[in-house]
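Below, all heavy atoms of this structure are taken into account, side chains as well, without hydrogens, waters or symmetry copies.
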Amino acid sequence: MVKYYIDLNNGLILEQLLCLLDIKQLDIDLTIQLCKTNHLQDTYVYIWNTLMLDYISPIFDAIKTIKQIVYNNNNNNNLTDDELKVLKNDSYYIYPYISYILTNRQFPTDKLIDPSFEISSKLNIYYILFNGNSISWPKNSEKLHIMDEDYELNEPAFPYLFLLLKYDSCQMFACLNEAFEDDLMNDDEINYYSNGSGNSGSYSASASASASTSSPSSSSASSSWNTNGYELKVSRQYIIEILLGIFNENYDDFTPNDKTYLAIFIARNYPN
């Protein structure tokens, strides 16, 4: 079925069908390969989330792509305009994806996430963005750095959040705006999870001091990609401090518009 609709150039219909059908009946390896080859990113993400129970890989794939775009000149990739356009189209799902997951919605369907994975999927996202360092995914693989080997020593703290802010701060702040409405961020309920491959960051001594290791939630343990340990619960104050730190430490990397968006974000969420 997948190949049939791709051959007909009906990728949109295919994506809609796959979100309605029981995808366990599909040849998953072939489906993922065809989705990647034909740039059906929404379908690709949906399969990872609902079948593999993996909410981390879609972020990593987007970060790898955005890295090529942002550091194209530094890395001497010499990508053509057409190549850059394809990369941009392939990676831009990342912002709505983050927004969906942090508001309990299954990307790209608007259905609610299975309650068994509702919290663990959010904590996966927060871990990727706010643990402070580059991490390995899948486990025991090489760490994903946003800077190439020659520049790794200059890699900023919270590299993935930094990259997503640098690429499109407006969209990233929009994601966080929605997340700030979630009771999961209430300070009095904070309990950090860490697998030891990162820390809670370098910008806030008070936030770092409050972090502690704990057993990951039982819901994540059933994931076939075992996101056990890749979880971090954060407060609104912690996020604000991290954002201020990123902008202060990497001041020249951000445009006046980026800094304006930060100010608007803080002002809007001050009552929270």
Side-chain angles (χ1 to χ4, degrees), residues 45 48 54-77 87 90-91 93-95 97-98 101-102 120-169 171-172 175-176 179 192-205 207-208 211-213 216 220 223 225-234 238-239 241-254 258:
V45 172
W48 274 112
D54 176 2
Y55 290 84
I56 296 177
S57 291
I59 295 186
F60 260 51
D61 284 348
I63 287 172
K64 290 174 184 176
T65 304
I66 292 172
K67 169 186 173 180
Q68 295 181 64
I69 299 170
V70 171
Y71 296 108
N72 177 42
N73 293 330
N74 291 359
N75 299 339
N76 297 315
N77 289 335
L87 290 177
D90 281 354
S91 63
Y93 70 84
I94 186 61
Y95 298 105
Y97 174 71
I98 292 174
I101 303 307
L102 295 184
S120 63
S121 62
K122 292 180 184 180
L123 299 184
N124 288 160
I125 304 297
Y126 290 136
Y127 183 84
I128 300 301
L129 297 178
F130 296 107
N131 87 89
N133 294 323
S134 299
I135 68 171
S136 302
W137 184 257
K139 289 183 178 181
N140 302 319
S141 62
E142 291 186 5
K143 289 185 177 181
L144 173 60
H145 292 280
I146 64 168
M147 313 286 280
D148 280 352
E149 186 175 352
D150 293 341
Y151 301 92
E152 278 183 15
L153 293 178
N154 297 322
E155 185 169 85
F158 304 92
Y160 309 136
L161 178 60
F162 167 82
L163 184 65
L164 293 175
L165 286 166
K166 183 176 176 64
Y167 187 50
D168 193 330
S169 62
Q171 289 292 328
M172 191 64 235
C175 296
L176 294 176
Y192 289 92
Y193 299 112
S194 174
N195 72 342
S197 63
N199 57 44
S200 59
S202 57
Y203 295 136
S204 170
S208 296
S212 63
T213 57
S220 67
S223 169
W225 269 71
N226 192 12
T227 60
N228 192 353
Y230 288 79
E231 300 183 351
L232 183 69
K233 192 174 181 184
V234 296
Y238 176 78
I239 290 177
E241 291 177 2
I242 297 307
L243 290 171
L244 289 172
I246 289 174
F247 273 77
N248 286 335
E249 292 292 327
N250 308 280
Y251 188 84
D252 293 336
D253 287 291
F254 295 103
D258 294 329

Any donor-acceptor N/O pair, [X] side chain to [Y] backbone, under 3.5 Å:
{"X": "Asp258", "Y": "Lys166", "answer": "no"}
{"X": "Tyr127", "Y": "Gly229", "answer": "no"}
{"X": "Tyr238", "Y": "Lys233", "answer": "no"}
{"X": "Tyr160", "Y": "Ile135", "answer": "yes"}
{"X": "Ser141", "Y": "Ser136", "answer": "no"}

Considering all heavy atoms of both residues, which atom of [X] and which atom of [Y] are nearest to each other, and what is their separation?
{"X": "Tyr126", "Y": "Leu232", "result": "CB-O, 3.1 Å"}
{"X": "Lys67", "Y": "His145", "result": "NZ-O, 3.0 Å"}
{"X": "Ala157", "Y": "Phe162", "result": "O-CB, 4.4 Å"}
{"X": "Leu129", "Y": "Met172", "result": "CD1-CE, 4.0 Å"}

Practice task
Any chance you could lay out the side-chain contact (heavy atoms from CB on, under 4.5 Å) test for Tyr95 and Leu164, step after step, and finish with the verdict?
Solution key: CA-CA 9 Å; Tyr95 298 105; Leu164 293 175; 4.0 Å; yes
Handout entry: Flag side-chain contact, heavy atom, 4.5 Å: Tyr93 against Asp61
Key = yes
Exercise for the section: With the side chain counted from C-beta on, respond yes when Leu163 and Tyr71 share a heavy-atom pair under 4.5 Å apart, and no when they do not. Expected result: yes
Problem - Pair Ile94-Gln171, side-chain contact (heavy atoms from CB on, under 4.5 Å): steps then yes or no - result: CA-CA 10 Å; Ile94 186 61; Gln171 289 292 328; over 6 Å; no
Problem - Leu243 vs Leu176, side-chain contact (heavy atoms from CB on, under 4.5 Å): CA-CA, chis, key distance, verdict - result: CA-CA 11 Å; Leu243 290 171; Leu176 294 176; 4.1 Å; yes
Practice task
Starting from the C-alpha separation in whole Å, work towards a yes-or-no answer on side-chain contact (heavy atoms from CB on, under 4.5 Å) for Leu144 and Trp137.
Solution key: CA-CA 8 Å; Leu144 173 60; Trp137 184 257; over 6 Å; no
